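Structure first, then comments.
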Amino acid sequence: MSNLSVEQQMEIISRGAVQITPMDSLLEKLKSGRQLTIKLGCDPSRPDLHFGHAIVLKKMRQFQDLGHKVILIIGDFTGMIGDPSGKSKTRPALSLEQTRENGKSYLEQATIILDADPSKLEIRYNSEWLEALNFEDVIRLAAKYTVAQMLTREDFSNRYSNSTPISLHELMYPLAQAYDSVAIKADVELGGTDQTFNLLVGRDIQKEYGLEPQVVLTTPLLVGLDGVEKMSKSLDNYIGISEPSDVMFSKLMKVQDPQLEQYITHFTKLDVSETLALGAVQAHRVMARAIVSDFHGTDTVQAAEERYDNVAKGGVPDQMKEIIISKPEAREEDGLFWVVKLAVLAGFAASNGEARRLIQNRGLKLNSEVVSDDKLHVDLEEAIVLQKGKNDFLRLSRGS
RNA sequence: GGGUAGGUGUCCGAGUGGUUAAAGGAGACGGACUGUAAAUCCGUUCGCAUAGCGUACGAUGGUUCGAAUCCAUCCCUGCCCA
């Protein structure tokens, strides 16, 4: 176990945590000196991890570094049923193969942050024990909780009072998740603050099964780059943990000022108030450098920053994505390609109409020149650089 | 089972037979300003090689010169009663 004193360990664990319940129970578990089992439940439907997930993964990593064991629970069973979990639309049910596939992908990405040492990381699928329960077991499990208790969950009570549908099986999810804690005898379970209720149900159910209840540690929900909504892939306000260094750098520079502190706290070891004292712009840079070097190594940071500065000055970066256009998709005529179609193929617009509008609004540049005519045709004898707005570049060249 | 209110574009939401591709807002995307920030301001907002055409108001069928709007059947959801 760790050489650090229990107090020092507590300090590390507490950084950025919203809530640790109960604190003294965690102290005691740490004092015992044994390797603790730290649980994290993972949603198997969204395998693209972003910084919102990274907050909790970083925290898991800290536990690992202190010698404890992390168990990732892939909710394949729950995923098969399709957890609506508060979203207005029920998620589609996934097949067992899909959830396994997603689980693998989750693990791959999670180990960017987590220590993959098998003595410190284990992965389990909850179908292992949930599938084995028969209807009687389920009813017994359900008997341990009341409807009134369930309705104390904010999400449920809100929906109930707003007359939004709540399917009966949704009430089972907290129980299923709690049962996971029973199955692996979790000492600590981590999750975002939106998981607080579920995590606490885990304590109650563990008690019912004669186990020592887990400590619940919650981390804040990360606000995305829009500065308003919580970070999520579907809102496209996210920074992916496997993004290349230059993208990660420029996205980190876009973190809005009020969220800067959050990013420094959770993703760096920098002193928060000292860093903020540098002023918003400089603090962004320091934060972005620290995080990019943490993910990609120190040598890529400089290149990422240079690229960022170059683009800020209106320059065109050396490195950018490239695609090769072949004739049929661009409707080549007389060796010429239509800009509108090229913009669509570049992914800058979803339809020709959208591309036309982009051009009309002077948002499309070809080799740094504003495209003003939506009938423009180009030959691709030489590769061209297409640019949408300030930061989207793509090099296009012609296929044979 | 009975009653009742609903289902409109990415979302919220107006619209109860005729310039309705559908008010308004949010979001998004461009532009200006800036710190490639925020706030603010301006433009855009279904598709199509676009002065035109095609689709679209839960689904299908019908009434009508004309339907998001009227009728029928079906699907889905809320609430109340049992």
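These figures come from a predicted structure and were not determined experimentally. Below, chains carry the letters A, B, ... as their sequence lines are ordered, and counting in each starts from 1. The basis for the numbers below is simple: all heavy atoms, side chains too, and nothing from hydrogens, waters or symmetry mates.
- With rounding to whole Å, A:Leu345 atom CG is found 12 Å from B:A49 atom P.
- By the 4.0 Å N-to-carboxylate-O rule, A:Asp155 lies close enough to A:Arg153 to be salt-bridged with it.
- Taking atom P in both B:G25 and B:U40, the straight-line distance is 14 Å, to the nearest Å.
- On the P atoms, B:U45 is 39 Å away from B:A72, given to the nearest whole Å.
- Look at CD on A:Glu170: it is 14 Å from C1' on B:U77, rounded to the nearest Å.
- Candidate nucleotides B:U36, B:A37, B:U50 were compared by shortest atom distance to the side chain of A:Arg356, and B:U50 ranks first.
- The A:Asp257 side chain lies nearest to B:G35 when the options are B:A49, B:U36, B:G35.
- Nearest heavy-atom pair, A:Leu49 versus A:Ala110, reported as atom, atom and distance to 0.1 Å: CD1-N, 3.9 Å.
- At a threshold of 4.0 angstrom between heavy atoms, the contacts of A:Ala280 include nucleobase atoms, whether or not backbone atoms are also involved.
- Atom CE in A:Met253 sits about 13 Å away from atom C1' in B:U34, given to the nearest Å.
- Checking A:Gln360 against A:Tyr308, the closest nucleotide of RNA chain B that is more toward the 5' end is the one next to A:Tyr308.
- Across the protein-nucleic acid pair, A:Asn391 atom CG and B:A37 atom C1' stand 14 Å apart, rounded to whole Å.
- Atom CG in A:Asp226 sits about 10 Å away from atom P in B:A39, given to the nearest Å.
- Between A:Glu97 atom CD and A:Asp76 atom CG the span is 11.0 Å, to the nearest 0.5 Å.
- Look at CE on A:Met287: it is 15 Å from P on B:A37, rounded to the nearest Å.
- Outside the 6.0 Å centre-distance limit, the rings of A:Phe197 and A:Tyr173 are not counted as a close aromatic pair.
- Checking B:A49, B:A38, B:U36 against the side-chain heavy atoms of A:His377 singles out B:A49 as nearest.
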Report all interatomic pairs (protein N or O, nucleotide N or O of nucleotides 29-33 of chain B) with separations under 3.5 Å.
residue: B:C29; atom: O3'; partner: A:Lys388; partner atom: NZ; Å: 3.4
residue: B:G30; atom: O2'; partner: A:Asn361; partner atom: O; Å: 2.6
residue: B:G30; atom: O2'; partner: A:Gly363; partner atom: N; Å: 3.3

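- Between A:Ser351 and B:C46 there is no side-chain N or O to OP1 or OP2 distance below 4.0 Å.
- Taking CG from A:Asp226 and CE from A:Met231, the interatomic distance works out to 9.0 Å, rounded to the nearest 0.5 Å.
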Between A:Tyr160 and A:Phe156, is a ring pair (Phe, Tyr, Trp, His ring centres under 6.0 Å) present by the stated rule, with each step listed?
CA-CA 6 Å; A:Tyr160 191 65; A:Phe156 286 147; over 10 Å; no
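- Taking the P atom of each, B:A5 and B:U10 are spaced 29 Å apart, rounded to whole Å.
- In plain terms, the two heavy atoms of A:His68 and A:Ile38 that are nearest each other are CB-CG1, 4.0 Å.
- Side chain of A:Arg61 to main chain of A:Ile113: a donor-acceptor pair is present (N/O by atom type, distance under 3.5 Å, no hydrogens or angles).
- The nearest whole Å value for the distance from the CE atom in A:Met248 to the P atom in B:U36 is 21 Å.
- Of the candidates B:G78, B:U36, B:A49, B:A49 carries the atom nearest the A:Asn352 side chain, counting heavy atoms from C-beta on.
- With the 3.5 Å cutoff on both pairing distances, Watson-Crick and G-U pairs in RNA chain B assemble into runs of at least 3 at B:1-7 with B:75-81, B:10-12 with B:24-26, B:27-32 with B:40-45, B:46-48 with B:52-54, B:58-62 with B:70-74.
- B:G2 and B:C57 have their C1' atoms separated by 31 Å, given to the nearest Å.
- Residue A:Lys254 is the one, among A:Lys254 and A:Lys375, whose nearest nucleotide of RNA chain B lies closer to the 5' end (criterion: closest heavy atom).
- Of the charged side-chain nitrogens involved, none lies within less than 4.0 Å of a carboxylate oxygen, so that A:Lys104 and A:Glu108 do not count as a salt-bridged pair.
- Only the P atoms considered, B:G27 is 23 Å distant from B:A22, to the nearest whole Å.
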Evaluate A:Tyr238 against A:Phe51 for ring pair (Phe, Tyr, Trp, His ring centres under 6.0 Å), listing each step before the verdict.
CA-CA 7 Å; A:Tyr238 70 101; A:Phe51 273 52; 9.9 Å; no
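- Nucleotides B:C53 and B:C71, compared at atom C1', are 31 Å apart to the nearest Å.
- Geometric assessment of A:Lys69 against the ring of A:Phe63 yields a negative cation-pi assignment under the 6.0 Å and 45° thresholds.
- Separation of the C1' atoms belonging to B:A51 and B:G18 is 24 Å when rounded to the nearest angstrom.
- Straight-line distance between the C1' atoms of B:U77 and B:U8: roughly 15 Å, to the nearest whole Å.
- Per the geometry, CD belonging to A:Glu261 stands 22 Å off P belonging to B:A37, to the nearest Å.
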